[in-house]
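All values below were derived from every heavy atom in this structure, side-chain atoms included, with hydrogens, water molecules and symmetry-related copies excluded. Residue numbers begin at 1 in each chain, while the letters A, B, ... track the order of the sequences. On a predicted model such as this, the values are computed, not experimentally measured, just so you know.
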Amino acid sequence: MLLEIKNLYANVEGKEILRGINLTVNKGEIHAIMGPNGSGKSTLANVLAGHSSFEVTKGEVFYNGKNLLELSPEDRAREGIFLAFQYPVELPGVSNTNLLKTAVNEIRKYRGEEQMDAVDFLQMIKQKMKLVELDDSLLRRSVNEGFSGGEKKRNEIFQMAVLEPTLAILDETDSGLDIDALRVVANGVTKLKSAENATIVVTHYQRLLNYIVPDFVHVLSKGRIVKSGGKELAVELEEKGYDWIKEKVVA
Amino acid sequence: MSSTEVKKIEELANQEYKYGFVTDIESFTLPVGLNEDIIRQLSAIKKEPEFMLEWRLKAYRHWLTMEEPHWSNVKYPAVNYQNLSYYSAPKKKPALNSLNEVDPELRATFEKLGISLEEQMRLSGVAVDAVFDSVSVATTFKEKLGELGIIFSSFSEAVRNHPELVKKYLGSVVPSTDNFYAALNSAVFSDGSFVYIPKGVRCPMELSTYFRINAANTGQFERTLIIADEGGYVSYLEGCTAPMRDENQLHAAVVELVALDNAQIKYSTVQNWYAGDKEGKGGIYNFVTKRGACRGVNSKISWTQVETGSAITWKYPSCILQGDNSIGEFYSVALTNNRQQADTGTKMIHLGKNTKSTIISKGISAGKSQNSYRGLVKIARKAENARNFSQCDSLLIGDKCGAHTFPYLEISNPSAQVEHEATTSKIGEDQLFYLNQRGISTEDAIGLVVNGYCKEVFKELPMEFAVEAQKLLSVSLEGSVG
Ligand SMILES: Nc1ncnc2c1ncn2[C@@H]1O[C@H](COP(=O)(O)OP(=O)(O)OP(=O)(O)O)[C@@H](O)[C@H]1O
Ligand SMILES: [Mg+2]
């Protein structure tokens, strides 16, 4: 078991957003999380990554047998959790290369591994760039500054490729991507998949799930998972919308 | 003056007889207090020619008529100028035998800054004879410069060996009557650097006080004069990233630069004077007058500074753009943390035609510090086609600090083109979380963001200095969050 979320409740600014989430993710699996706007998908992603604006009021989360909620955000990252942000922030003056080099070496240090030298690092970067067909110039530019919406998303997946996480959480990485970019990003994710890692994909569109085929689909509504199923569930949602599920819950 | 004060001074004046001053110059310290007699003694100890003494006395007499300025945005308890000693011969520090004897906290800082072992030894006064002979390095260096006709010496030496140059240029940019601190400095300056670049000579290496013999203990009133003759070029580095402590609280240096026709001077400073403890106790007051005159046509002066130290900084490196087509530049990073106060900026005075100036100022405030940018752009009536671009950015870390911008514009020629941009930003929690999420600690994350923010200034610094300056910022910001 890689991730186990038990009865998780979380608040933001005193408002209860997550209201009893239960979810188990094993290595080698891909989980899709869908659900209406404001249902708490990004909140769940942020809580897992350790954002301090969100207060966990109840429940437990275990990751690789460790109590995840006790770890600092950077230690969670070093333990292999990666969040591709729905809205990646801009970092003026900080080049992508510089950020990634610092990140790679911090993660290595945490794991007791040797620092990567500049030559190896550049080689690795080149190779990962090919994977997501990222333009050279984006490497030298400041992180996300002046990037188009699609470039930002692609850059998140590029960073993920470099950091090789054990648990990747992609928060609406498909939004804002054109058809070609969507294919590139999805292929990247698929190529990075192995029996040793797992992915949680937050999305509104079945479209992405044609490329990244999920083992499980969960529907989040008002802070709870109200329905889980296989990949067919996504197709059903695309046809019928969310109302039939919401109605069922009320009933 | 109250009668008790008079009495005190008399007492002090009497002390000098008790201890005498002709005996042992090596360990000699002038009694506290300031009067013409003290200045005469000072000048005599330094074996100065008559003109120098006259110059000092004139400055002193003017200083007596001046009042300490209180217009800057900093607060500090009054300094008692009669309670200072104005000359102290270089003390021989007790030499340590190895780095193991150095204060571990200081060593940890050295390590973080990436300062080499040799440099660590030099800075902390470890006997270095076998390991690193700085004197011989400096000697080789001096020979090389000598071949090119470059003069690079302590100010005292220059007064004795090149009085004609000193006489011609000293006070020609910062007159001894310029301001309270400059007048005081002119009266009592202890030592400093002197550089002369002859016509058409390009100085092949960065000059730094590090290579100047007798650079130690230039005291609290440092005086620097740099002259680049026609077509000359020099890059001068002042200071170092290692934390500098000093028993003297008040520092009032004067730096004068003169660039003649087609000459260029690049002056880079990294200032890391002791800033005091978390409450600001014991930190240095740094009141500096730095000014450059682009006296010749097509001349250029660039000031680049990284200011992280001092309890109080009061400093405005300026350019007087006299020669036609001359260029002035000011690139500054001023970081304040804890209780530090900085009031810094520049003045660009456009007098000649087609003169250009650029101001890039990056202020960073953390803790409970106050950071002010104060800048003047003045375009004189005859300065046809003058141009200025100013960019003043402030970055706040936390919500207990302050950033202030005071831009002044005086434009007397309608052809002037002046552009001013200013921004204030905060390091966003979202930025830090983003970096945390990539496995980077908050402290390192702040370092990345701050260094990114200062990039435009760092790229003006000589390569090695830039690397050290980046580390210095990160170290200076330690403990500024959380
Ligand atoms: N920092 C915050 N401050 C106040 N409210 C917040 C904050 N973050 C999230 N919320 C609120 O929490 C609720 C859930 O938001 P969340 O971003 O998790 O939704 P989502 O499912 O990701 O929606 P979307 O599909 O639109 O991305 C929303 O009502 C949102 O307004
Ligand atoms: Mg969302």
Does B:Gln431 use its side chain to pair, donor to acceptor, with the backbone of A:Glu90 at less than 3.5 Å?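 Yes.
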If you take all heavy atoms of B:Gly439 and A:Ala77, which pair is closest and at what distance?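 Closest approach of B:Gly439 to A:Ala77, heavy atoms only: N-CB, 3.3 Å.
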Nearest atoms (heavy-atom pairs only) where B:Arg438 meets A:Leu83: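 Closest pair (atom of B:Arg438, atom of A:Leu83, distance): NH1-O, 2.9 Å.
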Looking at [X], I'd like to know if its [atom1] atom is crowded, meaning that more than 12 non-hydrogen atoms belonging to other residues, nucleotides or ligands lie closer than 6.0 Å.
X        : atom1 : value
B:Lys455 : NZ    : yes
B:Lys266 : NZ    : yes
A:Lys109 : NZ    : no
A:Lys128 : NZ    : yes
A:Arg141 : CZ    : yes

Do A:Ile81 and B:Gln437 have side chains that get closer than 4.5 Å, going by heavy atoms?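 Yes, their side chains come closer than 4.5 Å.
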Is it the side chain or the backbone of [X] that comes within 4.5 Å of chain B heavy atoms, both, or neither?
X        : answer
A:Val104 : neither
A:Pro165 : neither
A:Leu99  : both

Assess whether side-chain contact (heavy atoms from CB on, under 4.5 Å) is satisfied between B:Leu448 and A:Leu91, documenting all intermediate values. CA-CA 9 Å; B:Leu448 273 177; A:Leu91 298 167; over 6 Å; no
What part of B:Asp444 lies closer than 4.5 angstrom to a heavy atom of chain A: side chain, backbone, both or neither?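 Interface part for B:Asp444: side chain.
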Which value, rounded to the nearest 0.5 Å, describes the distance between B:Asn436 atom CG and A:Glu106 atom CD?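 So the gap between those two atoms works out to 11.0 Å.
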When rounded to the nearest 0.5 angstrom, what distance separates OG in A:Ser53 from CD in B:Glu429?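 Result: 5.5 Å between the selected atoms.
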What residue pairs, at least two apart or across chains, pass ring pair (Phe, Tyr, Trp, His ring centres under 6.0 Å) with a residue in residues 52-84 of chain A?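 For residues 52-84 of chain A, and leaving out neighbouring residues, the ring pair (Phe, Tyr, Trp, His ring centres under 6.0 Å) pairs sorted by first residue read A:His51-A:Phe54.
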Mutual orientation of the aromatic rings belonging to A:Phe85 and B:Tyr434 [parallel < 30°, tilted 30-60°, perpendicular > 60°]: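 A:Phe85 and B:Tyr434: tilted rings.
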Report all side-chain donor-acceptor pairs from residues 421-428 of chain B shorter than 3.5 Å, counting only partners two or more places apart or in another chain.
unit_1	atom_1	unit_2	atom_2	d
B:Thr423	OG1	B:Asp393	OD1	2.6

